[in-house]
Participant: 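Okay, here's the structure, questions in a sec.
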Amino acid sequence: MKKYLSLFWQALTGSEQSYTSGSINKAIFMLSVPMILEMIMESLFAVVDIYFVSKISVDAVATVGLTESVLTLIYSVAIGISVGATALVSRRVGEGNTAGAGLAIGQVIFLSVAMSVVIGLGTGFFAAEILHIMGADPRVIATGTDYTRILFFSTPVIVLLYSLSGALRGAGKAAIAMQSLWVANGINIILVPVFIFGWGPVPAMGVTGAAIATTIGRSSGILYQLYFLVKSQYKLKLSYLLPHRETLSGLFSVAYGGMGQFLIASASWIFLIRILAEFGSDVVAGYTIAIRIVVFTILPASGIANAAATLVGQNLGALQPERAETSVWRTAKYNFMLLLGFGVILFTQAEPLIRFFTQQPEVVQTGVLALQIISLGYPFYAYGMVVIQSLNGAGDSKTPILLNLLCFWVIEIPLAYVLSIAWSMGPAGVFAAVPVAESLLALIAVLYFRKGRWKTVRV
């Protein structure tokens with residue numbers, strides 16, 4: 001027991017480790033622990049916000065749900081750059097090229113800021129119109145436009161928090177990425193209730209307060225990351241922030257594939273919630289709460305998948321492709337065990353979990369149904385997540401684009417529409433399309449990965 005506690009402490013504090021030699025199980029553990037905790041911290045943003053927002057009104061919850069469905073497009077850009085950051089930085093670290101890793105991190109910051117400023121300005125000024133397009137009724141638009149506008153304008157903050165975390169994970173500094181999310185969430189948890197309900201000289205701002213608190217928290221996390229990078233062996237310099245054609249090209253070649261695959265997946269969620277909006281705000285609110293709970297369980301599993309991406313990148317850089325492949329299958333096995341347990345909990349405890357956030361019967365009914373149906377695909381999600389992230393870690397971010405396009409746009413969206421509206425299954429039809437599409441994605445991804453073409457990708 002003392003040995004495991006010592007390893008756990010090393011993982012939390014970010015002790016120097018080599019991931020290209022020694023025990024693979026230890027490498028998975030040392031990377032997974034901080035990455036799981038990082039993902040839990042990221043999902044905590046969603047859970048904390050929805051917990052307090054649900055105390056305001058159903059319209060406030062619907063505002064969060066509709067806004068988040070559009071924000072997933074911004075998250076896609078952030079995650080895409082993060083994918084490129086992990087692949088590029090991990091490969092340079094595996095090669096022993098510290099200066100190259102530092103330059104890659106600088107280009108991650110440049111690309112993140114350049115893209116996010118354009119996106120933030122383009123969406124922030126049209127917040128009300130976007131809510132209208134998403135099917136929000138006049139009450140939701142009146143209540144939530146300021147909330148939506150603030151979050152859209154905070155796009156640079158959202159993107160940088162993700163992309164810098166990806167760079168840190170690629171460098172094997174997962175503990176620093178995790179600690180930055182601790183800082184961000186700690187501040188968010190304190191400020192959300194204060195800004196929503198008011199306290200002392202701070203006026204009650206309702207759902208708008210949640211957006212302000214979240215933005216302040218995320219900004220604090222970025223400052224923590226930058227402080228470490230400036231002081232680290234990668235010696236982040238101002239010169240690294242200027243465009244470097246070769247490095248930027250390599251980063252974008254991987255990042256745009258990551259963006260594409262997540263944009264496709266995110267757009268499918270927007271179409272799903274647009275279909276659900278046809279059934280009223282109660283259904284959207286129930287689905288929103290259920291998805292926040294799903295995210296809370298899926299993100300820790302994403303942490304394990306991210307560990308596989310780092311191991312693949314660093315071991316390919318060290319010219320050890322077989323060690324990279326072994327790491328993937330072992331990581332997938334551990335992820336399967338985690339998500340199988342989560343799936344059982346969500347299916348059997350769906351009602352008390354939803355009732356923790358709301359007591360409104362119609363909202364509870366929808367949320368329970370969504371949790372139970374979506375949780376059926378958890379064992380498949382486990383393998384799919386690890387394999388897709390491993391392909392990304394190898395620099396093959398283009399193959400997942402095709403897989404996502406097939407499974408989400410060709411299968412999931414049409415299936416959701418047919419089941420829910422054409423076949424009159426209602427919201428249950430939308431929920432059923434999710435595990436079908438995700439399970440098919442996992443099966444195809446595993447078959448492709450076994451062919452081994454990812455071992456020859458150069459970044």
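These figures come from a predicted structure and were not determined experimentally.
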Participant: Determine whether a donor-acceptor pair (N or O, by modelled atom type, separation under 3.5 Å) exists between the side chain of Q314 and the backbone of S90.
Facilitator: no
Participant: How long is the span from the CE atom in M385 to the CD1 atom in I304, to the nearest 0.5 Å?
Facilitator: 8.5 Å
Participant: Would you confirm whether S424, through its side chain, and S420, through its main-chain N or O, come within 3.5 Å as a donor-acceptor pair?
Facilitator: no
Participant: Taking CZ in F279 as the centre, count heavy atoms belonging to other residues, nucleotides or ligands within less than 6.0 Å. Is the count above 12?
Facilitator: yes
Participant: Ignoring hydrogens and angles, tell me if any N or O in the side chain of N306 forms a donor-acceptor pair with the backbone of S302 under 3.5 Å.
Facilitator: yes
Participant: Does some side-chain heavy atom of L272 sit less than 4.5 Å from a side-chain heavy atom of V434?
Facilitator: yes
Participant: Heavy atoms, side chains only, cut-off 4.5 Å: are L181 and M178 in contact?
Facilitator: no
Participant: Test side-chain contact (heavy atoms from CB on, under 4.5 Å) on T366 and D282 and set out the steps.
Facilitator: CA-CA 8 Å; T366 300; D282 286 340; 5.9 Å; no
Participant: Verify the neighbour count for atom CD of Q320: are there more than 12 heavy atoms of other residues, nucleotides or ligands below 6.0 Å?
Facilitator: yes
Participant: Check whether any side-chain heavy atom of L121 lies under 4.5 Å from a side-chain heavy atom of F125, and answer yes or no.
Facilitator: yes
Participant: Output yes when a side-chain donor or acceptor of T86 lies under 3.5 Å from a complementary backbone atom of G166, and no otherwise.
Facilitator: yes
Participant: OH/Y383 to CG/L339 distance, rounded to the nearest 0.5 angstrom?
Facilitator: 11.5 Å
Participant: Within the structure provided, determine whether V77 and Y162 are in side-chain contact (heavy-atom separation under 4.5 Å).
Facilitator: no
Participant: Answer yes or no: is there a donor N or O on one side and an acceptor on the other, between the side chain of S397 and the main chain of V254, under 3.5 Å?
Facilitator: yes
Participant: If I compare all heavy atoms of S163 with all of V108, which pair ends up nearest, and what's the gap?
Facilitator: CB-CG1, 3.7 Å
Participant: Assess whether side-chain contact (heavy atoms from CB on, under 4.5 Å) is satisfied between K398 and Q261, documenting all intermediate values.
Facilitator: CA-CA 8 Å; K398 299 176 184 63; Q261 63 189 264; over 6 Å; no
Participant: Determine whether Y224 and W182 make a side-chain contact, defined as any pair of heavy atoms from C-beta on separated by less than 4.5 Å.
Facilitator: no
Participant: Checking L71 against I158 for the side-chain contact (heavy atoms from CB on, under 4.5 Å) test, could you report, in this order, the C-alpha distance in whole Å, the side-chain angles of both residues, the deciding distance, and whether it holds?
Facilitator: CA-CA 10 Å; L71 277 176; I158 295 172; 4.2 Å; yes
Participant: For Y19, is there any backbone N or O sitting under 3.5 Å from a side-chain donor or acceptor partner on N315?
Facilitator: yes
Participant: Would you say the side-chain atoms of D146 pair up with the backbone N or O of T208, donor to acceptor, closer than 3.5 Å?
Facilitator: no
Participant: Any side-chain heavy-atom pair from T247 and L88 closer than 4.5 angstrom?
Facilitator: yes
Participant: I need the L346 CG to L371 CG distance, nearest 0.5 Å.
Facilitator: 5.5 Å
Participant: According to ring pair (Phe, Tyr, Trp, His ring centres under 6.0 Å), does anything in residues 301-337 pair up with another residue at least two apart or in another chain? List the pairs.
Facilitator: W329-F449
Participant: Minimum heavy-atom separation for A318 and T20, please, with both atom names.
Facilitator: CB-CG2, 3.8 Å
Participant: What pair of heavy atoms forms the shortest contact from Y381 to P435, and how long is it?
Facilitator: OH-CA, 3.5 Å
Participant: Output, in order, the C-alpha distance, side-chain angles, deciding distance and verdict of side-chain contact (heavy atoms from CB on, under 4.5 Å) for F380 and L440.
Facilitator: CA-CA 8 Å; F380 290 94; L440 182 61; over 6 Å; no
Participant: Can you confirm whether Y448 sits close enough to R453 that some side-chain heavy atom of one is under 4.5 Å from a side-chain heavy atom of the other?
Facilitator: yes
Participant: Could you give me the CA-CA distance, side-chain angles and deciding distance for F408 and F271, then say whether ring pair (Phe, Tyr, Trp, His ring centres under 6.0 Å) is met?
Facilitator: CA-CA 10 Å; F408 297 140; F271 280 110; over 10 Å; no
Participant: What's the separation between atom OG1 in T214 and atom OH in Y147, rounded to the nearest 0.5 Å?
Facilitator: 6.5 Å
Participant: Between I36 and P300, what is the shortest heavy-atom contact and its length?
Facilitator: CG1-O, 3.4 Å
Participant: Minimum heavy-atom separation for S327 to I24, with atom names?
Facilitator: OG-CG2, 3.6 Å
Participant: How many angstroms lie between CG in L338 and OH in Y378, if you round to the nearest 0.5 Å?
Facilitator: 10.0 Å
Participant: For the pair N335 (side chain) and A382 (backbone), establish whether a donor and an acceptor sit closer than 3.5 Å, ignoring hydrogens and angles.
Facilitator: yes
Participant: Any donor-acceptor pair under 3.5 Å linking the side chain of E438 with the backbone of G377?
Facilitator: no
Participant: What closest approach, in Å, do I354 and V368 show between heavy atoms, and which atom pair accounts for it?
Facilitator: CG1-N, 3.7 Å
Participant: Could you tell me the separation between the CD atom of E325 and the CZ atom of R330, rounded to the nearest 0.5 Å?
Facilitator: 12.0 Å
Participant: Would you confirm whether S154, through its side chain, and V157, through its main-chain N or O, come within 3.5 Å as a donor-acceptor pair?
Facilitator: no
Participant: Side chains of I81 and M259: does their closest heavy-atom pair fall under 4.5 Å?
Facilitator: yes
